[in-house]
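Side chains included, hydrogens not; waters and symmetry mates left out as well; all remaining heavy atoms used. When a residue number appears, it is its place in the shown sequence, counting from 1. Start at 1 and go down the list; that is how both ligands and their atoms are numbered.
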Amino acid sequence: MKIGITCYPTVGGSGVIATELGKLLAERGHIVHFITSDMPFRLGKFYPNIYYHEVEVNRYNVFRYPPYDLSLASKMAEVAQTEKLDLLHVHYAVPHAISAYLAKQMVGDHLKIVTTLHGTDITVLGYDRSLSDMIRFGIDKSDSVTAVSQDLIDQTKQLLGVQKNIEKVYNFVDKREYYPRDMKDVKQQIAPNGEKIIIHVSNFRPVKRTQDVVKVFERVRASMPAKLLLIGEGPDTQMVRQLAQDMGLIEDIRFMGKQDNLACVYSLADLLLLTSEKESFGLVALEAMACGKPVIATKTGGVPEVVEEGETGYLLSIGDIEGMAEKVKLLLNSEELYARFSKQSLHRAYHMFCQEKIARQYEEIYERLVYGEVQPCSL
Ligand code: GMT
């Protein structure tokens, strides 16, 4: 099939999933056209059947705000026509589902639209009265809608009163990239005295409650030698740095910023800490699990569908600093328990969220829309 993919190419989990999906689809023989404002950052190597079409936004000085949505719709329509696309798969509802609908109006009904909801496009923007009706409209006008967890489906229906069927298609991890790596030497540099290494990976937005990561770490470090690695950056980075300074922890915390080779980073840590207030899926939890790392996280959104309580990690209430610290200590103090959780994390990541399984689910959706039925799988 000829598939157009639109996402936010440079930030966040939705861009990562859209890009990884595009690569997988290309490997499976489809022709993929990324229609985005920038080159997707995870694209990596050259694929002869992946094309990139840059959305250029008109910045004429009459416009107070550059009309990204319209430029995107126009580029989608142009690519759909010239490349004879079968469908557009848009990631993140706002404004992508609306732009895709506009493009379809320009091109004709044969162009199908698949919209994948990722989280904050519903759980944050869905509360904004200036957007909520438009989001519901975009969902209704899509030919097929998916969401990355059951919780996100439930929230979308509840919050926006959506009647349309929304299919659950979980995010995935590529086990050719995410597997436990031997990082002994680097670990020795970061934790020369055998300290335990806790890792947190996020975009440091308020919704991640990154100050809680430091507070949990303070309690853990009070009872065992430990280091904290903070990966990623965002609006709260400075505030977290100040908090670490004020708490006298700065020597044991490394602010590593954005990192490319996340599989190596997860591999050198002992566990991942995820303290979010909202998290429709928690892709970083899945990536850490695929590298054999248990996860201590907040019980929010779709996280319980990824992290299995008492098997691959522990789930605590939002803001339960004491509870999270206790569970971190419990896991890191028991070799037997830790080894079991680590093995189960790997197993769950590979079996429930493996890339072939999820790519096939998307293909089945595409086939249903384009051919009217699911093609038998030829293995
Ligand atoms: O909030 C983020 O971390 C970015 C956001 C995005 O759209 O890129 O992430 C959302 O989508 C990810 C991929 O499906 C999910 O793993 C994240 O849980 C989700 N974030 C939230 O719901 C806060």
Does only the side chain of [X] get under 4.0 Å from ligand 1, or the backbone, or both, or neither? Count heavy atoms.
X	answer
Tyr8	neither
Val16	neither
Asp121	neither

Do you know which two heavy atoms are closest between [X] and [Y], and how far apart they sit?
X	Y	result
Thr210	Asp236	OG1-CB, 3.7 Å
Ser276	Thr298	O-OG1, 2.6 Å
Ser99	Asp69	OG-O, 3.0 Å

Is [X] close to ligand 1, meaning an N/O of one under 3.5 Å from an N/O of the other?
X	value
Tyr92	no
Val207	no
Gly119	no
His118	yes
Gly282	yes
Leu283	yes

Are [X] and [Y] linked, directly or through other ILVMFWY residues, by side chains that come within less than 4.5 angstrom of each other?
X	Y	result
Leu286	Leu271	no
Val145	Ile365	yes
Leu72	Tyr101	no

Going by atom types only, do [X] and [Y] share a side-chain donor-acceptor pair under 3.5 Å?
X	Y	answer
Glu305	Tyr170	yes
Gln155	Asp151	yes
His89	Thr116	yes
Tyr92	Thr120	yes

Option nearest atom 7 (O) of ligand 1 (shortest heavy-atom distance, choices Ser14, Ser202, Ser280, Gly232) = Ser14
Which residue from Glu279, Arg205, Lys208 reaches closest to atom 4 (C) of ligand 1 through any of its heavy atoms?
-> Arg205
Ligand-residue contact atoms, ligand 1 with [X], heavy atoms, under 4.0 Å:
X	result
Asn203	1 (O), 2 (C), 3 (O), 4 (C)
Lys278	23 (C)
Asn171	13 (C), 14 (O), 16 (O)
Thr120	23 (C)

Can Thr123 be said to touch ligand 1, with heavy atoms closer than 4.0 Å?
-> no
Please confirm whether His91 comes under 4.0 Å of ligand 1, counting heavy atoms of the residue only.
-> no
Check each of Thr123, Asp121, Ile139, Ile135 against Thr156 using the side-chain contact (heavy atoms from CB on, under 4.5 Å) test, and report the only one that passes.
-> Ile139
